[in-house]
Protein chains: 2
Amino acid sequence: MTTADTNSWTGIRAELLRRIHSRVWQPGEQIPHEADLAEEFGCARTTVNRALRDLAESGLVVRKRRAGTRVALNPPQRATLTIPIIREEVEALGKTYRHSLLERDFRPLPPMLHGAFQVTLGADVLFLKTLHFADDRPFAFEERYINLDAAPGARDMTFEDVSANEWLVHSAPYSHGDLSFFAVNADERMSRKLDAAPGTALFSMERITWSGALPITHVRLVYAPGYRMRTEI
Amino acid sequence: MTTADTNSWTGIRAELLRRIHSRVWQPGEQIPHEADLAEEFGCARTTVNRALRDLAESGLVVRKRRAGTRVALNPPQRATLTIPIIREEVEALGKTYRHSLLERDFRPLPPMLHGAFQVTLGADVLFLKTLHFADDRPFAFEERYINLDAAPGARDMTFEDVSANEWLVHSAPYSHGDLSFFAVNADERMSRKLDAAPGTALFSMERITWSGALPITHVRLVYAPGYRMRTEI
DNA sequence: CACGTTAATATGTGCATGCATATTATCTTA
DNA sequence: TAAGATAATATGCATGCACATATTAACGTG
């Protein structure tokens, strides 16, 4: 017995994990049910339930009513990645953050976004182009559209002091959003802004957030060369 | 009252969410404690706890003993992204998956990986180079090192029928791993394999998995042009 | 034998309660 | 008054219990 610490729910989870990793319970195999495990560990079923629920959340086991719990066949690599506000990301690197607003105007939504980002027909959106710096070196380039129906206050903001990102999280919190990551080649313009050779592969992120059915903002971020997004699983 | 459905924990979570989104409770503000909320909703404290715990997990509120619960100031965008096995990813697109093994040999670990991937001194690792196809078009290019101490069975596998990825999840489950995403330019070789013009920006992922302290495998995946990794928040 | 009904069962969830633990505020005491 | 001991308090967790719900197996019935 590795004698899982105490019989706290985390201790029980640890022991269950050990059995899965050491292949005592093989992938696809059904494991004893909650009541039996509770008896074995000498704890309440609720406690076993808590442990199993946690394992199910991380995808390691699959649970079905009546059918029981079984070890996942193809445990999906489920990673939670935390996308911080750029200022915090830069400061976490021990560097000084600053940003500069390159453009700010009201314009119709570009047709490219009509599908994913539906604003009132014919209404202008606020367009912002920002460059983020870490220790005076370009860190990321940002193009953003803000739906003024969702964040009317944005109309009067210059966004020179506080970044749109930070202002929005406080003023127009989103309920959900779509996120995608991809690679782009630096074009002429990006190359100048980000201090990268033309054609350099750049890591890029696109994000749309909504408050209910109302779209709030569309952002496209292009990071300077060498950027890596990291996480643990 | 939007009268959150029932007073199930999800219903209560929904109501709490509504108050946060509608700014009844402002960012940084302390919210009533569990006991009060339980009384208000006419449910047990446990149930409120469940709802609050869930909100804390997704980063929307911050909880501290004695100090109480407060709405997060900078709710981090926390996204859970599921990284599927490539075969499943391809098949989910409605395409036919196949892969071809380009290289397979035993070699010393390249010095570049000595830091992050520590195998027995001087021991060879299994090196695999694989190309993944979707409908006979290149989908992703994979370079993998397998620590034979962690997965001795790999020595006798050809990996022509089952991919190393799938074999490993079943034969040498990992306990944790590091994951990173970035962009690379297609070099001459990659350009040929992935059917991309030289220099094209390609989305790439690097992953190391361990079983406890024992490293299992190091993978580098480079996706064909146009690949996007998506998720929701 | 096919098919729909019913019962059995494992997980999901809620409740009341008690104790544990971290953190803050307050009260002593030198 | 400053520093340390102590109490108060909010969340964290474990327990025992009851009932809900999904799913499977068994059972009838035509």
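Keep in mind that the numbers below use all heavy atoms, side chains included, and drop hydrogens, waters and symmetry copies. Letters A, B, ... mirror the listed sequences (proteins, then strands); counts begin at 1. Note that the structure is predicted; figures quoted are calculated from it, not measured.
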According to salt bridge (charged side-chain N to carboxylate O under 4.0 Å, His left out), does anything in residues 153-178 of chain A pair up with another residue at least two apart or in another chain? List the pairs.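 Output for this query lists A:R87-A:E166.
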For the side chain of [X] and the backbone of [Y], is there at least one donor-acceptor N/O pair under 3.5 Å apart?
| X | Y | value |
| --- | --- | --- |
| A:S180 | B:M229 | no |
| B:S8 | B:G11 | yes |
| A:D135 | A:K95 | no |

Separation of atom [atom1] in [X] from atom [atom2] in [N], rounded to whole Å:
| X | N | atom1 | atom2 | answer |
| --- | --- | --- | --- | --- |
| B:I12 | C:dG14 | CD1 | P | 8 Å |
| A:R63 | C:dT9 | CZ | P | 18 Å |
| A:H33 | D:dT24 | NE2 | C1' | 14 Å |
| A:R45 | D:dT15 | CZ | P | 13 Å |
| B:R70 | C:dT24 | CZ | P | 10 Å |
| A:Q30 | D:dT23 | CD | P | 14 Å |
| B:F41 | C:dT13 | CZ | C1' | 17 Å |
| A:W9 | D:dG16 | CH2 | P | 19 Å |

Between B:T69 and D:dT11, is there a side-chain N or O to OP1/OP2 distance below 4.0 Å?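 True: B:T69 side-chain N/O within range (under 4.0 Å) of D:dT11 OP1/OP2.
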May I ask you to verify if any side-chain N or O of B:T47 is less than 4.0 angstrom from the OP1 or OP2 atom of C:dC15?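 Yes.
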Closest to the [X] side chain: [options]?
| X | options | value |
| --- | --- | --- |
| A:R65 | D:dA14, C:dT21, D:dA22 | D:dA22 |
| A:R66 | D:dT24, D:dA8, D:dT11 | D:dT24 |
| A:K64 | D:dT24, D:dT21, D:dG12 | D:dT24 |

By a strict heavy-atom criterion of less than 4.0 Å, which residues belonging to residues 48-58 of chain B are in contact with DNA chain D?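 Under 4.0 Å from DNA chain D: B:N49.
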Between B:I31 and B:T46, which is nearer to the 5' end of DNA chain D once each is assigned its nearest nucleotide?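 First, find each residue's nearest nucleotide; the 5'-ward one identifies B:I31.
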Suppose we screen for side chain to side chain contact (heavy atoms under 4.5 Å, CB included). Which residues come up paired with B:M157, at least two apart in sequence or across chains?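 If we apply the side chain to side chain contact (heavy atoms under 4.5 Å, CB included) test to B:M157, skipping adjacent residues, the hits are B:F159, B:V162, B:W167.
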Taking the axis from the first five pairs and the axis from the last five, what angle separates them in the helix from C:dC1-D:dG30 to C:dA30-D:dT1, rounded to 10 degrees?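 Comparing the axis at each end, I get an angle of 0°.
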With a 3.5 Å cut-off and no angle check, do the side chains of B:T130 and B:R144 form a donor-acceptor pair?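 Absent: no donor and acceptor within the cut-off.
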Return the set of residues passing ring pair (Phe, Tyr, Trp, His ring centres under 6.0 Å) with A:H21 (not counting sequence neighbours), or none when no residue passes.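 Scan of A:H21 (ring pair (Phe, Tyr, Trp, His ring centres under 6.0 Å), adjacent residues dropped) gives none.
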Name all pairs fulfilling the ring pair (Phe, Tyr, Trp, His ring centres under 6.0 Å) condition that reach into residues 43-100 of chain A, sequence neighbours left out, sorted by first residue then second.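 Non-adjacent pairs meeting ring pair (Phe, Tyr, Trp, His ring centres under 6.0 Å): A:Y97-A:H99, A:Y97-A:H132.
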Only one of B:V125, B:V219, B:L168 forms a side chain to side chain contact (heavy atoms under 4.5 Å, CB included) with B:I146, so which one is it?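 Among B:V125, B:V219, B:L168, the one that satisfies the side chain to side chain contact (heavy atoms under 4.5 Å, CB included) with B:I146 is B:L168.
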